[in-house]
Amino acid sequence: MRKHNNAFPYSDSNKRYHTFDYYQRRTFGGKCLKLPIDGGFSCPNRDGTVGERGCIFCSEKGSGDFTLGRAHSITEQMEHARASLSAKWESERYIAYFQSFSGTYAPLPLLKERYEEALRFPGTVGLDIATRPDCLPDEVIDYLSELNERTDLTVELGLQSFHDATLAFIRRGHSVCDFLAAYRRLAERGIKVCVHIIDGLPGETKEMMLETADRLASLRPFAVKIHLLHVLKNTPLAELYETGGFACLSLEQYADIVVSQLERLPAETVIGRVTGDGERSALIAPLWSLKKLVVINEIDKLMVKRDTFQGKFVKMHKN
């Protein structure tokens, strides 16, 4: 039953964008708990393959701040995450989320060992693997294709921006062309791809961030995660911020940009998130991001105020 007179087709609540919760209800019949895992992998942008310093925003845990840690087995990590999340949400369905560093950056036998252990965890209905465009050799894509036949698989590809100058500045170690090649190789196998972008990167204007959304729209991805740039302690980004090298977005600016991006993304694309989580003890700025529900509410209210919805201004661009 539709609520709040919301005519957006991919919603059964007041949301005017295609939430991951809505996707879960339609796919699995209810909410799934996403259990974050550190698979024990590294990153080619840290081990010297393409770089040694990593992306300028990346924490020492490689975006795995909410995992139990690689010192524990996959099963132990999932048990810990289940206990923690079950205090907030009830569900007996779980998605194993290989979140830390680059989730496909290891020899194939090790990947198989870790992924298969996760799939054996009782109640697991899917795998979600976060990785980089340059960590997908043919043998890994072959295995992912086989996994895709057995479980609900999503590969999360970090893009961050459709602007090569920005990618170079933040030390991504790959280009837009590298991303597009990896995206297409996965899509050709029927593997669902969730693309990560970051708003507020140094040097980027609102127009540049909207261009990223427009170009993503032309790919019609399964899902997109929209992140706010967090300045975390002990990162090169923190040094840049503390010396006045750039300013963070305000809450009002961020909400405006996110709503404008949602208007440009296809309605059928799942929105995995509209903001991110910065570990409280490590976050330097913007401190307003700690109030996640406030951020989400500001986005919701602005969509109502504009009388807008996801996909309203979708354009097709050739990448």
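Only a predicted model underlies this, so the values are computations on that prediction, with no experimental measurement involved.
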Begin with the C-alpha distance, continue with both residues' side-chain angles, and end with the deciding distance and a verdict on side-chain hydrogen bond (donor to acceptor under 3.5 Å, both in side chains) for Thr49 and Tyr105.
CA-CA 11 Å; Thr49 302; Tyr105 190 55; 2.9 Å; yes
Kindly indicate, with the supporting measurements, whether the criterion side-chain hydrogen bond (donor to acceptor under 3.5 Å, both in side chains) is fulfilled by Glu156 and Tyr97.
CA-CA 10 Å; Glu156 300 195 7; Tyr97 181 25; 3.2 Å; yes
Walk me through whether Glu263 and Arg306 qualify under salt bridge (charged side-chain N to carboxylate O under 4.0 Å, His left out).
CA-CA 11 Å; Glu263 290 174 329; Arg306 291 189 188 177; 3.8 Å; yes
Step-by-step salt bridge (charged side-chain N to carboxylate O under 4.0 Å, His left out) determination, Lys192 to Asp152:
CA-CA 9 Å; Lys192 298 194 295 292; Asp152 189 82; 3.2 Å; yes
Please assess Thr19 against Ile271 for the test side-chain contact (heavy atoms from CB on, under 4.5 Å), listing each intermediate value before the final yes or no.
CA-CA 5 Å; Thr19 67; Ile271 305 301; over 6 Å; no
Audit row: Asp199, Gln261, side-chain hydrogen bond (donor to acceptor under 3.5 Å, both in side chains) steps and yes/no:
CA-CA 10 Å; Asp199 289 336; Gln261 288 173 324; 2.8 Å; yes
Any chance you could lay out the salt bridge (charged side-chain N to carboxylate O under 4.0 Å, His left out) test for Asp300 and Lys305, step after step, and finish with the verdict?
CA-CA 9 Å; Asp300 289 342; Lys305 182 179 179 180; over 6 Å; no
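Atom NZ of Lys291 has 12 or fewer heavy atoms from other residues, nucleotides or ligands within 6.0 Å. Atom CD of Glu268 sits in a crowded spot, with more than 12 heavy atoms from other residues, nucleotides or ligands closer than 6.0 Å.
Looking at Leu127 and Leu119, their side chains come closer than 4.5 Å, going by heavy atoms from C-beta outward. Taking 4.5 Å as the limit, some side-chain heavy atom of Leu219 sits within range of a side-chain heavy atom of Phe179. Between Leu249 and Ile257 the shortest side-chain heavy-atom distance falls below 4.5 Å. Using a 4.5 Å heavy-atom cutoff, the side chains of Cys248 and Leu229 are not in contact. Side-chain contact check for Val274 versus Leu228: every heavy-atom pair is 4.5 Å or farther apart. Residues Ile226 and Leu262 meet the side-chain proximity criterion, which asks for heavy atoms closer than 4.5 Å. Put simply, the side chain of His18 reaches to within 4.5 Å of the side chain of Phe8, judged on heavy atoms. By the 4.5 Å heavy-atom criterion applied to side chains, Ile284 and Lys233 are counted as neighbours.
The existence of a salt bridge linking Arg16 and Asp307 is confirmed by a sub-4.0 Å separation between a basic side-chain nitrogen and an acidic carboxylate oxygen. Ion pair Asp142/Arg189 flagged as a salt bridge, since at least one NZ, NE, NH1 or NH2 atom sits closer than 4.0 Å to an Asp/Glu carboxylate oxygen. With respect to the salt-bridge test (charged N to carboxylate O, under 4.0 angstrom), the residues Glu298 and Lys301 qualify. Using a cutoff of 4.0 Å between basic side-chain nitrogens and carboxylate oxygens, Glu146 and Arg150 are scored as salt-bridged. Taking a cutoff of 4.0 Å between a charged side-chain nitrogen and a carboxylate oxygen, Asp178 and Arg132 do not qualify as a salt bridge.
Using modelled atom types, no side-chain atom of Glu116 and backbone atom of Glu113 make a donor-acceptor pair closer than 3.5 Å. Side-chain atoms of His227 do not come within 3.5 Å of backbone N or O of Ile197 as any donor-acceptor pair. When atom types are taken as modelled, the side chain of Arg171 and the backbone of Gly54 share a donor-acceptor pair closer than 3.5 angstrom. A donor-acceptor pair under 3.5 Å is formed between the side chain of Ser260 and the backbone N or O of Asp256. Ser86 places no side-chain N or O within 3.5 Å of a backbone atom of Glu90 that could act as its donor or acceptor partner. Within the 3.5 Å criterion, the main-chain N or O of Phe101 finds no donor-acceptor partner in the side chain of Arg46. Looking at Gln253, its side chain does come within 3.5 Å of a backbone N or O of Ser250 through a donor-acceptor pair. The main-chain N or O of Lys15 is found under 3.5 Å from a side-chain atom of Ser13 such that the two form a donor-acceptor pair.
Among all heavy-atom pairs drawn from Ser42 and Asp47, the shortest one is OG-CB, 4.1 Å.
Taking the centre of each ring, His80 and His72 stay at or above the 6.0 Å mark. Between Tyr17 and Phe309, a ring centre-to-centre spacing not shorter than 6.0 Å is recorded.
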Going by atom type alone, with no hydrogens or angles, which donor-acceptor pairs under 3.5 Å involve a side-chain atom of residues 158-170 and a protein atom two or more places apart or on another chain?
{"unit_1": "Ser161", "atom_1": "OG", "unit_2": "His163", "atom_2": "N", "d": "3.1"}
{"unit_1": "Ser161", "atom_1": "OG", "unit_2": "Glu204", "atom_2": "OE2", "d": "2.6"}
{"unit_1": "His163", "atom_1": "NE2", "unit_2": "Met208", "atom_2": "O", "d": "2.9"}
{"unit_1": "Asp164", "atom_1": "OD1", "unit_2": "Val176", "atom_2": "N", "d": "2.8"}
{"unit_1": "Thr166", "atom_1": "OG1", "unit_2": "Glu204", "atom_2": "OE2", "d": "2.7"}

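Side-chain contacts under 4.5 Å among hydrophobic residues (ILVMFWY), followed directly or transitively, place Phe20 together with Tyr23, Phe28, Ile95, Val125, Phe222, Val270. Under a 4.5 Å side-chain heavy-atom criterion applied to ILVMFWY residues, the cluster that includes Val304 comprises that residue alone.
Both cation-pi conditions hold for Lys112 and Tyr143: the charged atom is under 6.0 angstrom from the six-membered ring centre and inside a 45 degree cone around its axis.
If you run side-chain contact (heavy atoms from CB on, under 4.5 Å) between Phe98 and each of Leu111, Thr131, Ile74, only Ile74 comes through.
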